[in-house]
Amino acid sequence: MRWSVQPARSQARPTSRPDMALSITPETLALLKDFLEARRAWGLLPESPDRLLAILDAIQQRGEPDAAILLWPGMENRSAEVQRRTMEVMSALLNSASASRVLRLIHETSRGNPIWSQTDHKRWWNLTPNTVHSLARDRPACAGLLVLLSGHHSGYVREAAVLGLNGLTMPCVVPALRERLNDWVEPVRRAALRAMYGLLSVEHAASLVGALDLLESLRRCGRADHQAVLDQIDMVLREPSARPQVQAGLLSHNPAIRRGCYMALLRGPTPDEWLSWGLKAQDPLICLLAARAIQELPPDRIPAGSIDRMATSVLRPVRQIAVEMIAANGDVARLREFLLDQSPTLREFARFYLAKIIGCFDAKSFYRDGLASVSGSKVSRLLAGLGETGDVSDLSIVMAHVSHRRTIVRLAALRALDRLAPDDLTDPFLMALTDRSGRIRQAASAALSARRSEIPVERLVSWAGTAGPDARRCAVLLLKDYPSSVCFQHLLPFLKDADDGVRGLAETICLRGLKRLLNPFNKPDPWQVWAERHCAAWSAGHRERVQELIRANIQRR
């Protein structure tokens, strides 16, 4: 049966609009335009289908899945051969796309793609289930069109399209059925469930793997309980005969597919051979899944060298599992190595397990003795550990490394000093504001901000006057945390600073503070007097902005 709706006099003109979700190259757009505009002239003989078939072949060779949406308006009043070939090209284009891409194209058709003309959209809106049933007789050529029709606004059309997909095993069918499994119309969900169960076999494992990320998202859908179909999919992927397709999914660019395939392999009949592979994987979640699976194994089944590899992993959760396994084995020597781990959490874990195994472990003496005898990259971690476990008596040891030549050691010493030093000790942090490393200046600013009540503001300003631009910027930021009267009074010298960054930062803080102080809900009169008195210290442009703020505040009051 031919396509039953009437042809359109004005056909769609493919354009490349920036707000469209379609991505089609200009060459393919030109081919689509030729296909849509090829109409026989009124009163003449019908055109030969050879030219249209050649255009369709060229579109298929281009292999752009988004072109499938633009093919359906050109099917009307064509010969049966052209109609069938058009549907075959649509199916081929959709089968070459990824599952997420097919799902996005279905969403595009459900809202009426903006590239369609108003007439084309009206014909799409007026489609009926009878038209879908007539198209479904030409299977499997019409699979691509049925996939797009499964996103129609009418529940009757969606149900007819899903019924037409029942029994088809093409890759583009799985994402369409997945979308309709969570449809808001119950008959559509039932029809999609029946069609999906027909695909749950090893023969279709490749299609299931390609849409694994979409299928897993059904666990978060609430219109129906999908646990039964998900369990069946998991059983299919665990079959030994589906192993090649699942292994191929490990090379997918989609991380959700890679992780789902790896979990299927771990739940398969021979999971042990994939544990060592998982620890070497680049995907951090796969590496973590492998580490957790190894942790659950009996001691006699743990792969050789796996704990060593986990202990040296760059991932902190994987190293944490290694610490727990080493502690379960009672290996004190290995636990001592984690006292110098780069993660403070794992250092705390190691101290906890050592105290639990030994009964009494003096971590402070361990770090002290290490700083007396160790040099190199371990010094920074020894300082970090001493800062976590030491006391005020260790200040002299930490202070000896504040001026170390290596930045990482100076940073560790400064952070340890921040934990151990009393609040009235501020000189080392003021000196650290002149450090060439931005990380150290940031750590010093944070320490001084917590101690600002112990720093006389006059001393901070006088010290900043002899320091470099970076230190003056840090001083300006510290002044921002003081009370407003103190902040504005001491920020005025920085408004004339020679460095543009210092001057701009001080101006920004002053203007923001004035906007806050001149709020009509406050009592701004004293501040108006203060601002007018000190306007001469500002440049003309900023003085006018301050006066404008004051006038606006007076008008509001």
Side-chain angles (χ1 to χ4, degrees), residues 316 319-320 323-324 326-327 330-435 437-456 459-460 463 471 474 478 481:
R316 187 202 60 80
R319 296 200 307 275
Q320 179 176 332
V323 170
E324 295 173 355
I326 291 171
D331 193 343
V332 176
R334 294 290 302 278
L335 278 177
R336 286 178 178 270
E337 297 176 2
F338 285 94
L339 291 172
L340 300 180
D341 193 88
Q342 61 183 356
S343 171
T345 303
L346 294 190
R347 292 195 296 267
E348 180 65 27
F349 264 85
R351 293 193 292 267
F352 169 78
Y353 284 121
L354 282 172
K356 187 176 181 180
I357 295 173
I358 299 175
C360 181
F361 176 71
D362 189 1
K364 182 166 56 175
S365 299
F366 172 83
Y367 292 120
R368 284 175 179 170
D369 298 341
L371 286 171
S373 58
V374 175
S375 61
S377 60
K378 294 183 179 180
V379 175
S380 61
R381 300 179 186 181
L382 287 168
L383 285 170
L386 185 61
E388 294 163 359
T389 59
D391 51 32
V392 181
S393 61
D394 301 314
L395 285 178
S396 59
I397 301 176
V398 177
M399 287 290 294
H401 296 83
V402 171
S403 58
H404 197 275
R405 61 182 180 84
R406 298 189 61 183
T407 302
I408 189 172
V409 176
R410 296 199 306 275
L411 182 60
L414 195 67
R415 289 174 175 172
L417 194 65
D418 186 20
R419 296 189 184 98
L420 301 178
D423 292 341
D424 57 353
L425 181 62
T426 58
D427 290 342
F429 303 107
L430 286 173
M431 294 302 299
L433 289 178
T434 62
D435 197 276
S437 172
R439 297 176 63 191
I440 293 180
R441 293 196 301 270
Q442 185 179 6
S445 297
L448 289 172
S449 180
R451 291 172 166 81
R452 65 177 181 271
S453 59
E454 302 294 335
I455 308 174
R459 181 186 175 191
L460 177 62
W463 170 84
C474 294
L478 288 174
D481 297 329

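Each residue takes its place number in the sequence, starting with 1.
- The two residues L417 and V398 have their closest heavy-atom pair at N-CG1, 3.9 Å.
- Of all heavy-atom pairs between I357 and G330, the closest is CD1-CA, 4.1 Å.
- Atom OH of Y353 sits about 4.5 Å away from atom CD of E324, to the nearest 0.5 Å.
- Residues L414 and A444 share a closest heavy-atom pair of CD2-N, 3.7 Å.
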For this session: Would you please test D418 and F429 for side chain to side chain contact (heavy atoms under 4.5 Å, CB included) and show each step?
Result: CA-CA 9 Å; D418 186 20; F429 303 107; 4.2 Å; yes

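- The local environment of CZ in R316 is crowded, with over 12 non-hydrogen atoms from other residues, nucleotides or ligands closer than 6.0 Å.
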For this session: Please step through side chain to side chain contact (heavy atoms under 4.5 Å, CB included) for the pair R410 and T407, ending with a clear verdict.
Result: CA-CA 5 Å; R410 296 199 306 275; T407 302; 3.4 Å; yes

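- Between atom CG of residue D435 and atom CD of residue Q442 there is a gap of 13.0 Å, rounded to the nearest 0.5 Å.
- Looking at heavy atoms from C-beta onward, L340 lies in side-chain contact with F366 at the 4.5 angstrom threshold.
- The nearest pair of heavy atoms linking L354 to L335 is CD2-CB, 3.7 Å.
- In I408, the CD1 atom is not crowded: 12 or fewer heavy atoms of neighbouring residues, nucleotides or ligands sit closer than 6.0 Å.
- Not a single donor-acceptor pair under 3.5 Å links the side chain of S449 to the backbone N or O of S445.
- Between the NE2 atom in H404 and the CG atom in L411 there is a gap of 13.0 Å [rounded to 0.5 Å].
- Residue pairs that meet the salt bridge (Lys or Arg N to Asp or Glu O under 4.0 Å) test with at least one member in residues 334-344, sequence neighbours left out, are D308-R334, R319-D341, R334-E337.
- R451 places no side-chain N or O within donor-acceptor distance of the main-chain N or O of D424, the cut-off being under 3.5 Å.
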Problem set entry | Candidate pair Y367 and L383, rule side chain to side chain contact (heavy atoms under 4.5 Å, CB included), full reasoning | CA-CA 7 Å; Y367 292 120; L383 285 170; over 6 Å; no

Name the atoms and distances for all side-chain donor-acceptor pairs under 3.5 Å in residues 387-395, with sequence neighbours left out.
unit_1, atom_1, unit_2, atom_2, d
E388, OE1, R347, NE, 3.3
E388, OE1, R351, NH1, 3.2
E388, OE1, R351, NH2, 3.1
E388, OE2, R347, NE, 3.4
E388, OE2, R347, NH2, 2.5
T389, OG1, G385, O, 2.9
D391, OD1, S393, N, 3.1
D391, OD1, S393, OG, 2.3
D391, OD2, K364, NZ, 2.9
S393, OG, R368, NH2, 3.2
D394, OD1, R368, NE, 2.5
D394, OD1, R368, NH2, 2.6
D394, OD2, R368, NH2, 3.3
D394, OD2, D391, N, 3.0

